[in-house]
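Computation of the quantities below employed the complete heavy-atom set of this structure, encompassing side-chain atoms and omitting hydrogens, waters and symmetry-equivalent molecules. Within every chain, numbering begins at 1; the chains are lettered A, B, ... in the order of the sequence lines, protein sequences first and strands thereafter.
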Amino acid sequence: MITFLRILGGLVVAALVALLAIIYLPVRHTPPGQQLAADWTPAPGQGEYVAKMADCAACHTAPGGQPFAGGLAIASPMGTIYASNITPDAATGIGDWTLDQFRAALVDGVDDEGHRLYPAMPYENFRAMSEEDIRALYAYFTTEVPAVANEVTPTRLAFPFNQRWGIRLWDWVALAKPGFQPDAVAAADPQLQRGAYLVQALAHCGACHTPRTPFFSQDGLTADSAQFLTGGVLGNRPAPDLRGPDSAPQTWSADDLKALLTTGRNAHTSVSGDMALAVEDSLQYMTDADADAVVAYLRALNPKGGGSGSAETPVAVVVDRLDASTDATARKLAAGTDLTEGERLYMDNCAACHFTDGKGATEVFPPLAGNAIVQSGVTGGLLDTILYGAEMPSAAKRPERLRMPGFADRLSDQEVAELATFLRGAWGNTAGAVDAGAVASARVAGVPAN
Amino acid sequence: MARTNPKKDVVIIGLGWTGSILGMELADEGLEILALERGADRETVPDFAYPQMIDELRYGVRYGLFQKPRNSTLTIRRNLQETALPYRQLGSFLPGDGVGGAGVHWNGQTWRPQEVEWRLRSYVEENFGADIIPEDMTIQDWGVTYDEVEPYLTRFENVAGISGKAGNIKGVIQPGGNPFEGPRSTEYPMPPLVNTYDSVLFQQAAQAMGLHPFPRPSANASRAYVNEYGMQLGPCNYCGFCERFGCANYSKSSPQVCILDALKRRPNFSYRTNSEVLRIDKATDGKTATGVTYYDADAGEEVFQPADLVIVCAFSLHNVHLLLLSQIGQPYDPVAGTGVVGRNYSYQVLGGTNLFYREKQFNPFVATGSQGVSIDDYSISQIDFAKEGFIGGSYITCGHTGGRPITQISLPPNTAGWGAGWKQAVGDWYGRSLSIAAHGSNMSYRDCYLDLDPTYKDPHGRPLMRMTFDWKPNDIRMNQYMGDRIGAIADTMGADIVAASYMADGKQYDVRPYQTTHNVGGAIMGTDPATSAVNRYLQTWDCHNVFVMGASAFPQNTQYNPTGAVGGLAYWAANAIRSDYLKNPRPLM
């Protein structure tokens, strides 16, 4: 009995010591992955480019706010997190941070005072960032960006999420070894390595496109993990699978994939929601070589090496195309008799742009036939779009903010459900029905795009 | 009272087609540009979004997208003896309002004046003798030739994304196109729209008579399109809501769809809405402008906007009004025949024949603003003016622009205008007619002009502009000639009822029924400062840093819809500014 108590007592003490250690032991900062000369300076523009590729502005620039002055409220499952001010202002920004402190935030998720950052900051991915890029980014945010005095609302989550020490446990689960190590897909080829680096580290594609574990960590950070980039969920919207046999990189041509990433639209689809922001603020600025590298890596994720599907070159006028369509749905809609409610709603609200054959028009009206968002098991993307519309980003090569109007004011939950169910089964689409309850949820959850 | 803004390199008055084009061209020069638009901002979504835009009562009848006469109008009279009265209710023509201007509410018919039209007086004198020109007719050459402007006409058509079929590429006649057009450097950027049944019947009839039918050149896209700015058009779905409406579908070329999102990305370009320019301010020596004064409706105050270069891009009538108010150029005096500003206002001569068929259904609700078939066999270059006794010409055309229920139901003559008889007729005849129209030139005359009204003032206390205009025998004869030609075609088309409507002898201008918004002239271009307000580069003769775009530059009206020439001239003038004027600001002629 005494032995048992001693053992028990020992375990309690050990657990207490461990807990105290978890809470109070300072994190050991990851050292630089590469020793650069003390007088090393980044190439002109490198820091700004890294900031663009990492899309720092997406969180750290509030809508209508000064660049990188923080304040954006980010909804998370734990509560609202406020993005910090990362301008060189000493009092409210990061003007007094050392390079080591800056690096620690990016790769260890720890701020200048040793507080743990919430993983809304994707240090899970930035942990693979090269020392040169970190140095360039540091120079950019401490010397090039204008300082803005902006005291950001402190993040105050409810218990237990306000106990930031707990993130240390999460870090043990979530974090990989620091630095970039090419995965098996990228190992042999410098272009693929560059693409992998951009996808995994800077552009942090996995933050949305990789499914989450039960601990909310990304289920794989490189292609060596089977779940990497196999699709995630963002709010109520799907972030499509980028690896499966039906995924975009595995079915589209390289040019089409590049067009989507750099202009937000191509012959197959267009981006909306958070991906529209990623294109507008980040991906459109990729150098041509980097865009090609990203495309090459995404295509290489599949053993087949990517798809070749390119939409038809639009030589014919659209009316001729519609007249020639042999698709059963297209013929029924064109005949216009004995339409179901979903079909009628499509003709009255959608067919003007997306047409009876569901193919829309190259880069302008996204095709609905074969569309991943339309057929996703996560229906929020489709329902949000019907209810609140969508807007393509403005990119240098395609500046037009093409917008689809929302139909929330015009269609009831039941009508949207009928319409969505029709779309998911039309023109060879094979997804299941949507019920009015799902529409009601989306109507409440959705944020008007315009 | 007046606030003064920081100086800009360029101020643009009006953000429609020409303001957008000049904004884009001058933004490429790195200049700091501010565009001032009197109306509201407008974007496809939400302002033209489906289904709200498909509302004929609001937009087609109550003129939702047009200027309100209480804010801006002019006075009108028919001759020097009459007292002009304000145009209090929109009728004959409909000036647009807001960002995009008339480029929002047009139908999209995009033509080029024929080669001979650019040098009309010379052409008439050389071929028929100066003595056939009536004494009061003041037609003149434009000061530029078709060949000079052709690359810029092409550029505009490529930016706007025009669907059509060329009839003459570098001198080689193309089957299926208009053989009477000037030589084009290239084919249209998109193939033509598909014809509706009425235009197919017209095409067959014209073909059978040995005439030369071709598809109307259209700013309604036949398929998806990307222009040089990366801006995009979507394919038109033939909804029939073009004229008087903004396009819900990104299918009708407009500044919004073809230019503005690209222009808004330029950090050196900005624009203000609800900012009506009151006058262009001149330097004390009168040889340059120092900027403009505008009324900031949001702040409720006048603002002086200094600028090195002033580009006047308002609707043609407002361009002339601004020059008159700003005392740039000598106002035209019709009695003495001196002065230039306000000179040679002209309009458009229209007529048509409706053919009713008891057994045919045309489904007119399947329509676009500019789909259809035309012939140019009776155009200016094809008519012996000496023999026919008039100067001018028309294109003849067939094609529905819509089948809207309030204003687009065509009923046979002598049908009841209301009640049971009218209802019965609508049931019997909706969709059972086609229309063949003549769209013709209007010559300029000594006593058709624009000046400041002696009596009436606008809400800012400025004199309204006064229009003096009436139809003349020459143009009435031309219109009647077209009626005969259309009649001959209609006779072969087997209609049950034929109803023709052309000008009668002595016809006077009536401002009440809608005719067309192709108001041109008043600040005409040319090579002689005694007879033109702007030189061949659209630069005012008096103030070398003021350029005036738009149809106000036409010395007389062509037989075509004006937008093609307006867009081409904007690029032509922009090129002169960029390649020559900016390096050494001075009078270019």
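Both the backbone and the side chain of B/Pro235 come within less than 4.5 Å of a heavy atom in chain A. Neither the backbone nor the side chain of B/Gln52 comes within contact range of chain A, judged by heavy atoms closer than 4.5 Å. With a 4.5 Å cut-off on non-hydrogen atoms, B/Tyr229 touches chain A through its backbone but not through its side chain. Residue A/Leu322 does not touch chain B at all, counting heavy-atom pairs closer than 4.5 Å. With a 4.5 angstrom heavy-atom cutoff, B/Leu233 touches chain A only via backbone atoms. Both the backbone and the side chain of A/Ala396 come within contact range of chain B, judged by heavy atoms closer than 4.5 Å. In this structure, chain A has a heavy atom under 4.5 Å from the side chain of B/Val226, while its backbone stays farther away.
When A/Ala352, A/Ala361, A/Ala351 are compared by the number of non-hydrogen pairs under 4.5 Å with chain B, A/Ala352 comes out ahead. Note on B/Leu263, B/Thr44, B/Leu260, B/Val194: by heavy-atom pairs under 4.5 Å with chain A, the leading option is B/Val194.
Salt bridge status for B/Glu37 with B/Arg42: absent, with no side-chain N to carboxylate O gap under 4.0 Å. Between B/Arg155 and B/Glu228 there is a salt bridge, since at least one side-chain N of the basic residue sits less than 4.0 Å from a carboxylate O of the acidic one. A salt bridge does not link B/Arg404 with B/Glu243: every distance from a Lys NZ or Arg NE/NH1/NH2 to an Asp or Glu carboxylate oxygen is 4.0 Å or more. Taking a cutoff of 4.0 Å between a charged side-chain nitrogen and a carboxylate oxygen, A/Asp281 and A/Lys52 do not qualify as a salt bridge.
Considering only heavy atoms from C-beta on, A/Phe365 stays 4.5 Å or farther from A/Cys350 through its side chain.
Ring geometry for A/Tyr140 against A/Phe68 counts as perpendicular: the plane angle is over 60°, on a 0 to 90° scale with 30° as the lower cut.
Relative to the ring axis of B/Tyr188, B/Arg184 places its NZ or CZ within 45° and under 6.0 Å from the centre.
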